[in-house]
Amino acid sequence: MDTGPIEFATATQTLAGLRRGEFTSVELLRTYLDRIEARPWVNAIVTLDADRALAEARRADEIRDAGGPTGPLHGLPITVKHDQKVRGVLSTYGSESLRDYVPEDDAEAVARLRGAGAIVFGRSNLPEFATDGQAYNSLHGTTRNPWDRERTTGGSSGGSAAAVAAGMTALDIGSDMGGSIRIPAAWCGVFGLKPTWGVVPVQGAVPHPGEPEGAGLTVPDIAVCGPLARGADDLDLALTVLTTPRDDHGGLRPHLPRAPFTAHRELRVLAWFDDPVTEVDPATREVLHTACRALEADGARVTYGVLPPGGLDRLEELFELLFMADVGGGAGDAGFQELRGAMRLLRTESPMAGLHHRALGLTHREWLALHRERLMLLRAWQGLFDDHDVVVTPTVLTTALPHDHSEPVWARRFELNGERHPWRPALTRWCGAVGVLGLPAVSTPVGLDRHGLPVGMQVVAAPYRDRSAIAAARLISESAGGYAVPPLDGTPA
């Protein structure tokens, strides 16, 4: 069997090939395992459960051959970010303190994927406790970008994005608050979905050491789980599985209507690429505008020059305050005091640390005032979607940066257009502005910049219009030329 194209097929195409008998689940899984072994420098999948997965793949093949019942992901090998519990498999959250942690149950999202027939064969890398914009830690090492090994994948779902880009898995499940799915997807040139807040279960994250009992029962503010894949159709398929309750666990299925458009000529787009608060790398902006021109040439209506309600600066501030308030609220007493002390020391050096220190001291009354402001802004944003199907933005203001582990993320700087900028909030601005409102968003690969690095466009839709964001991403990607495969020798394209 010629396995050449299998690793870069979309999950949807791969499932069709399995159903037609073009290859087996065992052959497919071995292809992924071979790719992981052949390119250790990527270091995206850092924990394998190969023997168990191969046994599950054999059973999946037997059931398929016998004409038995199959789910929508039957026999599809996938990977899961290291912050989600996977039953019987090492689940470290990238921390030395959890190097031996093996949960007895699955996170709910993982259980739904398994229930649909997926085979979890490995865990993707991330920063320790998912608290950095790069995927590295002392336990599992550094994940490198398949387009250029000297550059980061972004974070925190960096291992997820790199594994998908490198053809090491059909699908990966990551997590996102301020861009942890979308930024790595953009920097590695794949698709990544941040669903509407609350539609995909997040219960079952690996617990922090010292986390209060029952902490995992609450739904964190802003945080979501979502898929990373090589095609927009894969996001749609994964979303269906992730929002379908298991028969034995009850629950409600959210209503996520189909997109009201099917063709370019029916698509209405608002392009928000420029804002007074921030600059975008000219090389990135060039690719975004080229993609929009191609979209217009295919018949879509694209509007420019309208700034969404709130503006990037206020949305960014709201995100940082509510994000850190949630982080502090989920920490144990010792962890909270340690975090607040660190922000107190850093607040004179970093405006972001000062904002986070304020967030960690919010009264409930102050939090409610911020939440009310968020809801009012969300209502105003919904008015945009009366005239536009989606809003498109840069996923991130520049392409993948060189690895930099010299300083904590709060103190780290990068250079753009001859100036030094803070990693936070500069890199998370566009994603955080959408995340704090709970809106669905897809990072869509739309081309390579003049340096040969992938550029992502964030496609944002109204609440519960996740399928509109996915459908628009599909059309935008088609106009822009589709998915591109990285060189995979670790040198720039």
Side-chain angles (χ1 to χ4, degrees), residues 145 147 151 154 161 165 179 181-194 232 264 267-308 311-312 315-316 384 388-401 414 416-417 421 426-435 439-461 468-484 486 493:
N145 196 309
W147 292 87
R151 295 180 183 270
I181 287 173
R182 291 162 287 166
I183 293 173
W187 281 1
C188 293
V190 299
F191 292 83
L193 168 66
K194 185 205 88 67
H264 290 87
L267 180 61
R268 303 167 302 162
V269 176
L270 173 60
W272 181 26
F273 295 152
D274 299 289
D275 193 280
V277 172
T278 191
E279 59 182 322
V280 176
D281 185 346
T284 293
R285 187 187 294 109
E286 179 183 355
V287 175
L288 295 172
H289 280 285
T290 298
C292 276
R293 287 194 295 272
L295 193 60
E296 289 180 283
D298 285 338
R301 189 184 83 189
V302 182
T303 302
Y304 300 87
V306 177
L307 293 180
L312 202 52
L315 287 167
E316 171 188 289
L384 282 181
H388 310 282
D389 297 301
V390 293
V391 176
V392 297
T393 81
T395 302
V396 61
L397 55 78
T398 189
T399 48
L401 296 171
F414 68 96
L416 176 63
N417 299 334
H421 300 267
L427 296 177
T428 58
R429 276 188 176 124
W430 299 95
C431 287
V434 171
L439 299 172
V442 176
S443 184
T444 306
V446 291
L448 305 181
D449 73 356
R450 65 185 71 140
H451 310 296
L453 295 171
V455 173
M457 178 185 289
Q458 182 176 223
V459 183
V460 186
S468 289
I470 293 170
R474 181 188 301 112
L475 295 174
I476 290 167
S477 175
E478 289 174 2
S479 294
Y483 173 78

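Values in this document were obtained by computation on a predicted structure and should not be read as measured data. Hydrogens, waters and symmetry mates play no part in the numbers below; they use all other heavy atoms, side chains included.
- One finds the CD atom of E478 at 8.5 Å from the CG atom of D298 (value rounded to the nearest 0.5 Å).
- In this structure a side-chain-to-backbone donor-acceptor pair under 3.5 Å is present from H264 to L475.
- The side-chain contact (heavy atoms from CB on, under 4.5 Å) check on A484 picks up W147, with sequence neighbours excluded.
- Among all heavy-atom pairs drawn from F191 and V442, the shortest one is CD2-CG1, 4.4 Å.
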> Given R151 and L453, is the side-chain contact (heavy atoms from CB on, under 4.5 Å) satisfied, shown in steps?
Replying inline: CA-CA 10 Å; R151 295 180 183 270; L453 295 171; 3.5 Å; yes

> Given V277 and R429, is the side-chain contact (heavy atoms from CB on, under 4.5 Å) satisfied, shown in steps?
Replying inline: CA-CA 10 Å; V277 172; R429 276 188 176 124; 4.0 Å; yes

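- For the pair V460 and W272, the minimum side-chain heavy-atom distance is 4.5 Å or more.
- V269 is not listed as a side-chain neighbour of D389, based on a closest heavy-atom distance of 4.5 Å or more.
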> N145 and W187: side-chain contact (heavy atoms from CB on, under 4.5 Å), yes or no, with the steps?
Replying inline: CA-CA 8 Å; N145 196 309; W187 281 1; 4.2 Å; yes

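- Interatomic distance, I183 CD1 to C431 SG, rounded to the nearest 0.5 Å: 4.5 Å.
- Classified by interplanar angle (parallel below 30°, tilted 30° to 60°, perpendicular above 60°), the ring pair Y304/H289 is parallel.
- With values rounded to the nearest 0.5 angstrom, S468 atom OG is found 14.5 Å from H388 atom NE2.
- Among all heavy-atom pairs drawn from C292 and V392, the shortest one is SG-CG2, 4.4 Å.
- Atom CG of residue L416 and atom OG1 of residue T398 lie 5.5 Å apart, to the nearest 0.5 angstrom.
- Residue P445 comes nearest to S443 through the heavy atom pair CD-O, 4.1 Å, listed as atom of the first residue, atom of the second, then distance.
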> Would L397 and T284 satisfy side-chain contact (heavy atoms from CB on, under 4.5 Å), going step by step from the backbone distance to the final call?
Replying inline: CA-CA 7 Å; L397 55 78; T284 293; over 6 Å; no

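- Using a 4.5 Å heavy-atom cutoff, the side chains of V287 and L448 are not in contact.
- At a cut-off of 3.5 Å, with distance as the only test, no side-chain donor of T395 or R182 sits close to an acceptor on the other residue.
- Taken from OG in S479 to CZ in R293, the straight-line distance is 13.0 Å, to the nearest 0.5 Å.
- Applying the side chain to side chain contact (heavy atoms under 4.5 Å, CB included) test between Q458 and each of V434, V390, L288, V396 identifies V434 as the sole match.
- Residue A426 comes nearest to H421 through the heavy atom pair CB-CB, 4.4 Å, listed as atom of the first residue, atom of the second, then distance.
- Between L193 and I181, the shortest heavy-atom distance links the atoms O-CD1, 3.6 Å.
- Considering all non-hydrogen atoms of both residues, F273 and V280 come closest at O-CG2, 3.5 Å.
- For the salt bridge (Lys or Arg N to Asp or Glu O under 4.0 Å) condition, the pairs that include at least one residue of residues 270-279, sequence neighbours left out, are D274-R285.
- L267 contributes atom CG, which lies 11.0 Å from atom CD of E296 (distance to the nearest 0.5 angstrom).
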